[in-house]
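First up is the structure itself, then whatever we jot down about it.
Nothing here was measured: the structure is a model prediction, and the numbers come from that model.
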Amino acid sequence: MSVTVRVPAKVNVQLAVGAPRPDGFHDLANVFLAVGLYDEVTVTPADGLRVTCSGPDAAQVPLDATNLAARAAIALAERHGIAPDVHIHIAKDIPVAGGMAGGSADGAAALLACDALWSTGATRDELLAICAELGSDVPFSLVGGAALGTGRGERLTPIEVGSTFHWVFAVADGGLSTPAVYGEFDRLTADTDVPEPEASPALLDALRTGDATALAAALSNDLQPAALSLRPSLADTLAAGTAAGALAALVSGSGPTTAFLVADEESARKVAEALLTSGTCRNARTAVSPAPGATAV
């Protein structure tokens with residue numbers, strides 16, 4: 001017997017970042033949208049815990065106990081007094097280390113798959129609590145759709161979305177370390193008064209009404225200056241997508257993937273083609289949002 005769970009990537013349409021807390025984290029107002037790029041995680045009974053991975057950039061995915069999918073299996077097993085003897089296979093399609101929560105998605109998918117495989121009977125609240133222990137983005141990967149994440153991003157409030165939004169994602173060469181980007185944010189804001197993060201009413205209204213033009217005007221990412229400081233070449237990618245007709249462009253999360261909001265499917269195709277021919281990115285992918293969270297298939 002095996003269980004396969006499909007789980008989406010995410011884009012942050014708003015990422016408001018507060019000053020560093022005593023525990024080293026930052027308070028956030030993090031508006032997540034799940035987008036239709038997916039990893040699939042399959043778990044199968046085994047003699048011990050093992051992780052394998054296939055797909056684009058699979059060589060960059062850790063296959064030891066640091067992988068969030070492995071950590072999810074261990075955490076659930078410990079709670080229920082069983083051995084985490086499972087083979088976890090990740091079929092990777094979400095960009096690796098790209099600011100789209102691919103690792104977090106795999107953690108949420110493995111947790112849901114192991115719960116089904118082992119028939120633990122865990123409640124949704126228990127699964128979400130484990131997700132929050134694993135990482136700030138993991139709970140949203142489980143839930144999907146659209147949500148406002150507060151605290152360090154793990155406390156979720158669902159958000160209404162009134163229409164389908166079309167996106168293009170430009171995949172950069174190499175990754176960016178999320179801790180490094182936050183460290184650069186702290187350096188860049190060291191002499192400033194960092195405001196308390198709050199969700200933008202205009203952005204929430206644009207999501208609710210399904211107005212892509214209004215959403216484009218409201219997109220924001222407080223980590224973007226830090227990501228551009230560490231990877232200046234991303235500015236060329238952002239400019240190429242904007243010149244090709246994107247309604248708006250921003251760095252996705254901590255980067256280095258860049259996200260382009262477009263008007264419709266045809267616009268997405270044109271912007272993706274322009275990005276590919278611009279030479280400013282390694283790949284360009286189209287997707288729509290919102291997308292469902294982790295789901296058994």
Is it the case that [X] and [Y] place a side-chain donor and acceptor less than 3.5 Å from each other?
| X | Y | value |
| --- | --- | --- |
| Ser252 | Thr257 | no |
| Thr66 | Asp64 | yes |
| His80 | Glu126 | yes |
| Thr52 | His87 | yes |
| Thr120 | Asp115 | yes |
| Ser233 | Asp236 | no |
| Ser267 | His166 | no |
| Trp167 | Ser289 | yes |
| Ser229 | Glu184 | yes |

Side-chain ion pair, [X] and [Y], N-O less than 4.0 Å:
| X | Y | value |
| --- | --- | --- |
| Arg152 | Asp23 | no |
| Asp57 | Arg282 | yes |
| Asp27 | Arg21 | yes |

Closest contact, heavy atoms only, [X] versus [Y]:
| X | Y | value |
| --- | --- | --- |
| Asp85 | Gly48 | OD1-CA, 3.6 Å |
| Leu223 | Gly253 | CB-O, 4.0 Å |
| Pro256 | Gly98 | CD-CA, 3.8 Å |

With no hydrogens and no angle check, is any side-chain donor or acceptor of [X] less than 3.5 Å from a backbone partner on [Y]?
| X | Y | answer |
| --- | --- | --- |
| Arg269 | Thr286 | no |
| Thr237 | Thr280 | yes |
| Asn283 | Val171 | no |
| Asn12 | Gln14 | no |
| Thr42 | Glu40 | no |
| Asn221 | Val251 | yes |
| Asp137 | Ser104 | no |

Inset, instruction - Would you mind reporting whether Ile159 and Leu204 have side-chain heavy atoms less than 4.5 Å apart? - result: yes
Inset, instruction - Please examine the side chains of Leu156 and Leu148, heavy atoms only from C-beta on, and report whether any two atoms are closer than 4.5 Å. - result: no
Would you give the length of the straight line joining atom [atom1] of [X] to atom [atom2] of [Y], rounded to the nearest 0.5 angstrom?
| X | Y | atom1 | atom2 | result |
| --- | --- | --- | --- | --- |
| Leu230 | Arg187 | CG | CZ | 8.0 Å |
| Ile82 | Ser119 | CD1 | OG | 9.5 Å |
| Ser254 | Gln224 | OG | CD | 12.0 Å |
| Met100 | Asp39 | CE | CG | 10.5 Å |
| Leu250 | Leu15 | CG | CG | 9.0 Å |
| His89 | Ser54 | NE2 | OG | 3.0 Å |

Check the surroundings of atom [atom1] in [X]: do more than 12 heavy atoms from other residues, nucleotides or ligands lie under 6.0 Å from it?
| X | atom1 | answer |
| --- | --- | --- |
| Asp47 | CG | no |
| Glu198 | CD | no |
| Glu273 | CD | yes |

Inset, instruction - Please report the C-alpha distance between Glu133 and Arg79 in whole Å, then the side-chain angles of each, then the deciding distance to 0.1 Å, and finally whether the salt bridge (Lys or Arg N to Asp or Glu O under 4.0 Å) criterion is met. - result: CA-CA 13 Å; Glu133 293 169 5; Arg79 283 192 175 222; 2.9 Å; yes
Legend entry - Lys/Arg cation over aromatic Phe169: Arg285, 6.0 Å, 45° cone: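 The answer is no, since Arg285 fails at least one limit relative to Phe169.
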Inset, instruction - Given side-chain contact (heavy atoms from CB on, under 4.5 Å), test Thr157 with Thr150 step by step and report yes or no. - result: CA-CA 8 Å; Thr157 303; Thr150 54; 5.6 Å; no
Inset, instruction - Over 60° means perpendicular and under 30° means parallel, so classify the ring planes of Phe140 and Phe32, tilted if in between. - result: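 Parallel, since the angle between the ring planes stays under 30°.
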